[in-house]
Visitor: 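Supplied in structure tokens, the structure appears directly below.
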2 protein chains.
Amino acid sequence: METRELRYFVAVAEELHFGRAADRLGIAQPPLSRTIAQLEHRLGVALLARTSRRVSLTEAGAVLLAEARSILGAVAAAERRTRNVDRPSLVLAAKAGGSSELLAKLLDAYAAEPGAVAVDLLLCQAHAAQPLLDGRADVAILHEPFDSTAGLDVEPLHAESQFAIMSSSHPLAGAAGLRMADVIDLPELARWPEPDGTYLPGPGVEVHDLTQLFQMIALGRAVAVMPEVVRVGLLEGLVAVPVVDAPKVTTVIAWPPHSRSRAVADLVRVATGFS
Amino acid sequence: METRELRYFVAVAEELHFGRAADRLGIAQPPLSRTIAQLEHRLGVALLARTSRRVSLTEAGAVLLAEARSILGAVAAAERRTRNVDRPSLVLAAKAGGSSELLAKLLDAYAAEPGAVAVDLLLCQAHAAQPLLDGRADVAILHEPFDSTAGLDVEPLHAESQFAIMSSSHPLAGAAGLRMADVIDLPELARWPEPDGTYLPGPGVEVHDLTQLFQMIALGRAVAVMPEVVRVGLLEGLVAVPVVDAPKVTTVIAWPPHSRSRAVADLVRVATGFS
DNA sequence: TGGCAGCGATACCCGGCCGGTATCGATAGC
DNA sequence: GCTATCGATACCGGCCGGGTATCGCTGCCA
């Protein structure tokens, strides 16, 4: 399997339309059809079920799509890392609006190290693990269990418990403590996007950043379970009730396996040093 | 970057010799030279330093070698998983000579599950993580920190402390407890092979399996630090002394990220259930 | 129900790239 | 200084990837 074949397959699998996929790839449709057919022939499995009106993924196709995305990410990452090996610089990915205190401490401590290189910050709206997988970043600050650390090396930095954030007029606002069972079925529980940007179905409001979420909560339209940090600087009219049995949120520093970068190793050492 | 280019590069980087690499790849040497030169040109970095007598890896080349090996493993794994999607069967990798009790319990419990599929066992002499990365296995039982779980999803199953195993005539054999400092510098500390099959330099005897190790220990030629399990059924004349500050050995079940297999999910659930 | 539009497959052609052979140029060792 | 070794270069041929034209199928609509 060549990466060209994987790129072509991913395009078709995502568009579910040979014409549009060919367009996106900047080639004509016939060679695309032929390449996919060859790939299927070599694998001995049908990847796409085509009627002349509709294209859909087979089960094998779904498996290959997931694998291919990850492989193409790894290839892009490999190119970037190879190219940048002699220009030591570090891109650190973190979720925008996350704990800036930890970040500041980390950057300060690392900058004081002998042999420290320049650290560029990549602040992501969501899913800070993605740039790590596609090679745009070298290290990331992630939050388990929210971010998937699959395929990454990880060191825990800090664990904190979670709180239910709600309007002070909410029926549960007066409680001293809640259990997950009390909140998990609330119809106003906010929903975050999945890694692919879509939302799982459900009754709660769809949110994509903290500001929007807090406005929704203030309006009594949403409730969310969040780690402790958000309690400081909580808006007027919002309360945080501890959820005693919610899983601890662990802030971790993550980097791709086989990282050979001295800078990454230093940063990780510094980070774990003061946790 | 095409996988063909990566395969060629890995061959040259491993052989450090264009002729032998071309031979291994089943092509002539000139096209290989050309392909590597094109790859270097596109990346804008030198991957190999060549004199007309000797080829060596540059730093960029070393980075790409690690990345490329992992990518090629992922590609092979993707092919196998895609091909086998409709033949549900599970390959479980484990270290031969490891705790067969846990394995038996796990296999029994899983077999009792509704929808269980046949589980094939792949018993590895060493490094059970390798078949997981190259797609020969779907799940593995690994032991942290011995096995690298980089790039895998992992659930811990069991943790145990470590013991120094030595001949009963050894000077330290009478001790009630040891510290790592007491054993780490012993000249007879056995050495295990690295993932590439080579041994790090050092004074201790080189071993590659448990039987051999125990014989060496019984002869007073070796000492080793090992997890608790090996205490049961220890040979006559061997003693196990607890090493109080040795890192705990954690038995984990590991699987590749993006595994879409129902069977893997079931097996993991069963495994974590009775830990 | 027949015409039509949309879409993937097929047929066929062209050019570039991959792989082959022959050879060169450099260098380490004798 | 000769020679063997090894990577680079030159050059050629065939295959394959990509293009255009067209076919065949099918759902839609008048």
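Order of the sequence lines sets the chain letters (A, B, ...), proteins ahead of strands, with each chain counted from 1.
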Visitor: Of the non-hydrogen atoms in B:Ala93 and B:Ala137, which two are nearest, and what is the gap between them?
Guide: CB-CB, 3.9 Å
Visitor: Can you identify which nucleotide, out of D:dG17, C:dG20, D:dG7, has its nearest atom closest to the B:Gln29 side chain?
Guide: D:dG7
Visitor: Atom CG of A:Leu25 and atom P of C:dG8: how far apart are they, to the nearest Å?
Guide: 13 Å
Visitor: Picking from C:dG20, D:dA8, C:dG8, which would you name as closest to the side chain of A:Val55?
Guide: C:dG8
Visitor: If you only use heavy atoms from C-beta on, which nucleotide in D:dG7, C:dT21, D:dG19 is closest to the side chain of B:Ser33?
Guide: D:dG7
Visitor: What does the list of N/O pairs under 3.5 Å between the protein and nucleotides 10-15 of chain D look like, with a distance for each?
Guide:
none

Visitor: NE2/A:His17 to CG/A:Asp23 distance, rounded to the nearest 0.5 angstrom?
Guide: 10.0 Å
Visitor: Has A:Arg4 got a side-chain N or O lying under 4.0 Å from the OP1 or OP2 atom of D:dG18?
Guide: yes
Visitor: Nearest whole angstrom, please: distance from the P of D:dT26 to the CZ of A:Phe18.
Guide: 16 Å
Visitor: Side-chain N or O of A:Arg50 versus OP1/OP2 of C:dA9: is the shortest distance under 4.0 Å?
Guide: yes
Visitor: Got a salt bridge between A:Arg81 and B:Glu67, using NZ or NE/NH1/NH2 to carboxylate O under 4.0 Å?
Guide: yes
Visitor: Looking at the side chain of B:His17, which of D:dG18, D:dC6, C:dG19 is the nearest nucleotide?
Guide: D:dC6
Visitor: Calculate the interatomic distance between B:Glu5 atom CD and C:dG19 atom P; express it in whole Å.
Guide: 10 Å
Visitor: Please state how far atom CG in A:Asp23 lies from atom C1' in C:dG8, giving the value in whole angstrom units.
Guide: 15 Å
Visitor: Where do A:Glu40 and A:Arg50 land on the salt bridge (Lys or Arg N to Asp or Glu O under 4.0 Å) test, with the steps shown first?
Guide: CA-CA 13 Å; A:Glu40 288 178 309; A:Arg50 324 129 156 87; 2.9 Å; yes
Visitor: Which side-chain N or O atoms in residues 27-37 of chain B pair as donor and acceptor under 3.5 Å with protein atoms at least two apart or in another chain?
Guide:
from    : atom 1 : to      : atom 2 : distance (Å)
B:Gln29 : NE2    : B:Ser33 : OG     : 3.0
B:Thr35 : OG1    : B:Pro31 : O      : 2.8

Visitor: Take atom CD1 of A:Ile36 and atom P of C:dC7, then tell me their distance rounded to the nearest Å.
Guide: 17 Å
Visitor: Heavy-atom nearest nucleotide on DNA chain D for B:Ala37 versus A:Pro31: which residue maps closer to 5'?
Guide: B:Ala37
Visitor: Would you check if there is a donor-acceptor pair between the side chains of B:Thr272 and B:Glu155 at a distance under 3.5 Å?
Guide: no
Visitor: Taking CG from B:Leu32 and P from C:dG20, how many angstroms apart are they, rounded to a whole number?
Guide: 10 Å
Visitor: Once you round it to whole Å, what is the distance between P of D:dG7 and CZ of B:Arg54?
Guide: 11 Å
Visitor: Just verifying a value: how many Å separate A:Ile71 CD1 and B:Ser70 OG, rounded to the nearest 0.5 Å?
Guide: 9.5 Å
Visitor: Within this structure, what is the OH-to-C1' distance between A:Tyr8 and C:dG8, rounded to whole angstrom?
Guide: 17 Å
